[in-house]
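Lettering follows sequence order; numbering is per chain, from 1. Every value quoted in this text rests on a predicted model; they were computed, and no experiment measured them.
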Number of protein chains: 2
Amino acid sequence: MSIWDIARVAGVSQQTVSRVINGKARVSEPTRAKVLKVIDDLGYRPNRLAQTLAGGPARAVTVLTSDTALYGAAATLRGMEEAARAAGFSVGISVLDAASQQTDIALRLNRPGEPVMVIAFDEAGMSALRALPPDVPVAAAVEYRSDDDPDADPWQVWLDDRAAAAHATRYLLSLGHRTVHYLAIPSSTSPLAQRTRGWQDALRDAGLPVPEPLQGGWTPRSGYLSVRSLVADRSVTAILCGNDDLALGVMRAAREAGRDIPGDLSVVGFDDSPPAAYLNPSLTTVRLDFEGLGRACFGLLYRRLAPESAPAVPEWSEPELIVRESSGPARA
Amino acid sequence: MSIWDIARVAGVSQQTVSRVINGKARVSEPTRAKVLKVIDDLGYRPNRLAQTLAGGPARAVTVLTSDTALYGAAATLRGMEEAARAAGFSVGISVLDAASQQTDIALRLNRPGEPVMVIAFDEAGMSALRALPPDVPVAAAVEYRSDDDPDADPWQVWLDDRAAAAHATRYLLSLGHRTVHYLAIPSSTSPLAQRTRGWQDALRDAGLPVPEPLQGGWTPRSGYLSVRSLVADRSVTAILCGNDDLALGVMRAAREAGRDIPGDLSVVGFDDSPPAAYLNPSLTTVRLDFEGLGRACFGLLYRRLAPESAPAVPEWSEPELIVRESSGPARA
DNA sequence: CTGAAAGCGCTAACAA
DNA sequence: TTGTTAGCGCTTTCAG
């Protein structure tokens, strides 16, 4: 069933049906009503592929992301999907695994030039971003982009991880800790990731030496394995973690080493993932507005596609330190 | 750039280019090599929309799911995406919120008749499944389907929640608990969800009275709120939870009520989500192979689309009880 | 083995 | 306000 069937039954041309469907051009009210009735009676549904192929406006977007299981990526994706669907876009998703070659990326799109959003919090996302052909309109959620670089890609959104990490570090120092150790997530901008930088900023500002940061992965297991020796050292009294999952692993390693949290050791995470508030002890962490970031990323893409008609890019929240049970004063 | 450009440069007809691209028909080796070279030189990428529109085989599938943030749905989606991409399908995703009307569902598809997978672990997913027009090929991951019903939809996959819940309950009873309480997730087959049934099965088989099950939601917060009064009752010594997030909330509520886990109260979850092994105490839970289920769901859909050529539907793992620290013998 | 034709369902330009 | 005419990029006929 196509617009031709509707046109025939309604006694109009197929073009008039097209006009009714996409609502732009003027159609007389009686005609429009007649066509809509036939559409409804016959249960007609437009074919979006054909609409796009024939040169209609872009109404589909593909999201490139590396791991849907991670809270940050999942929440960002959620925000993107929500905003995209609200704007009438269908959302494709394509997961980047370690094996995905740069040349493959363009082949994942449904058509050359299809708009794309990239969740580029890690190296896989960043390299996908770089691998995209220049003709695809893209917006990306990235780990961080410098504010001062005028040549930087304007089609990116990010959270101010650096300031947030600095804030969290200062908070721990204010509790009397002599220093703060840092367990890093893998970073897209390594070796000096923004969270790492922020932590360093705060320590340097306080005139303290900067311990060697530990390199972790993304999972609780990785956090657990990375800090087993560190937590055995009783002089270590505060650990900042690159995400909540790492913090979970750290807390377990600390427990097994006989450390008491927060009496003996303070642990702070990053993300404020849903379980954080219910852990034992509940986790002090930096809340990040990934959903807002995802919505904003789509907003940016929309403006890129339709500079005139697209609405303003929605705001998103600043990172916020949520103090819970896992952090406390340094033991006197 | 289209196949016409390739054809012109290669000095062949556009039809020959088409033959080379989809590799089916016979093309002489010299011709094929020539065409492939031109494709490579010009960086040509086929337009999948046009391929599909022109009557090519289906190479796109849309996943309908209600909440990507939940572990079960996220992991299932991951399996689906992995299998679909491996088979050369692009994956669309459309999130079902509470507001989504039944009639909207068909409009989310990129074309009438596009294949669909539904993650139907909850009521939103089930009603979307019911709302799909009869002409769309669909496969679904559902909470449970009876094995004995010969009229049941054969295009569904599920995990044997009922047996798993019974197993977990028997395990708790074997530890000496007088009875086991159950905190349920919202179910697509309420009022008697399969996990609830399995729990009842085990209690009845043991000749025990069945306490009223508690109705929870999906989140830790929901688990926390639902059992605050229950955990105050010292005679309650074992609680089975419909998922790990609920269990997390339950453990917190128990702690606040002064209960010791597992000395005083055993808590068992469902899912074996990534944090489970690192919680304090680590969580005894039923491991569910959502990824395998998602892969199998795509395998089923593939067979439905191409009964001849599709490979066998991959197997997935049975639920498995993982015993950790949160469960132990009833206090004597 | 290769080519020419027709058409998938739709939108855009142009006419009337 | 409506109808006519061309395509979008590709795959399927059907002829050679």
> Quick one: on DNA chain D, does B:T52 or A:Q14 contact a more 5' nucleotide (nearest heavy atom)?
Replying inline: A:Q14
> Rounded to the Å, how far apart are A:K34 NZ and D:dT1 P?
Replying inline: 15 Å
> In terms of side-chain heavy atoms of B:A54, which of C:dC10, C:dC8, D:dT2 is nearest?
Replying inline: C:dC8
> Is the shortest side-chain N/O distance from A:N22 to OP1 or OP2 of C:dT11 below 4.0 Å?
Replying inline: yes
> Roughly, in whole Å, what's the span from CG in B:L53 to P in D:dG7?
Replying inline: 17 Å
>> In this structure, how many angstroms lie between the P atom of D:dC10 and the CD1 atom of B:I21, rounded?
In response: 6 Å
> Nearest-Å distance, CE (A:M1) to C1' (C:dG7)?
Replying inline: 19 Å
> Picking from B:W155, B:F89, B:W316, what satisfies ring-ring contact (aromatic ring centres under 6.0 Å, His included) with B:F298?
Replying inline: B:F89
> Between C:dT2 and B:T31, is there an OP1 or OP2 to side-chain N/O distance shorter than 4.0 Å?
Replying inline: yes
>> Tell me the interatomic distance from B:I3, atom CD1, to D:dC10, atom C1', rounded to whole angstroms.
In response: 5 Å
>> What is the separation between atom CD on B:Q51 and atom P on C:dG9, rounded to the nearest whole Å?
In response: 17 Å
>> Taking the basic N atoms (NZ, or NE/NH1/NH2) and the acidic carboxylate oxygens, is any pair closer than 4.0 Å for A:R8 and A:D5?
In response: yes
> Which sits closer to the 5' end of DNA chain D, A:A25 or B:P57, going by the nucleotide each is nearest to?
Replying inline: A:A25
> Starting at the 5' end of DNA chain C and moving along, which residue's nearest nucleotide shows up first, A:A50 or B:V12?
Replying inline: B:V12
>> Between P on D:dT11 and CG on A:L49, what's the gap in Å once rounded to a whole number?
In response: 13 Å
>> Does this structure show an ion pair linking A:E82 with A:R78, if we count only N-O contacts that are shorter than 4.0 Å?
In response: no
>> Go through it in stages, so that I can follow the logic: the residues are A:D104 and A:R108, the test is salt bridge (charged side-chain N to carboxylate O under 4.0 Å, His left out), and I'd like the CA-CA distance, side-chain angles, deciding distance and then a yes or no.
In response: CA-CA 7 Å; A:D104 295 351; A:R108 299 173 179 231; 5.6 Å; no
> Given atom CZ of B:R26 and atom C1' of C:dG3, what is their separation to the nearest angstrom?
Replying inline: 18 Å
>> Looking at A:D135 and B:R45, is there a salt bridge between them, counting it only when a charged N and a carboxylate O are closer than 4.0 Å?
In response: no
>> Counting only side-chain nitrogens and oxygens, does B:S18 get under 4.0 Å of the OP1 or OP2 atom of D:dT11?
In response: yes
> So does A:R48 reach the base of C:dG9 with its side chain, donor to acceptor, closer than 3.5 Å?
Replying inline: no
> Below 4.0 angstrom from OP1 or OP2 of D:dG9, is there any side-chain N or O of B:S2?
Replying inline: no
>> Determine whether a donor-acceptor pair (one donor, one acceptor, N or O, separation below 3.5 Å) exists between the side chain of B:Q15 and the base of D:dT12.
In response: yes
>> Taking any heavy-atom pair under 4.0 Å as a contact, classify A:R19: base, sugar-phosphate, or nothing.
In response: base
> Would you say a side-chain N or O of A:S13 is under 4.0 Å from OP1 or OP2 of D:dT2?
Replying inline: no
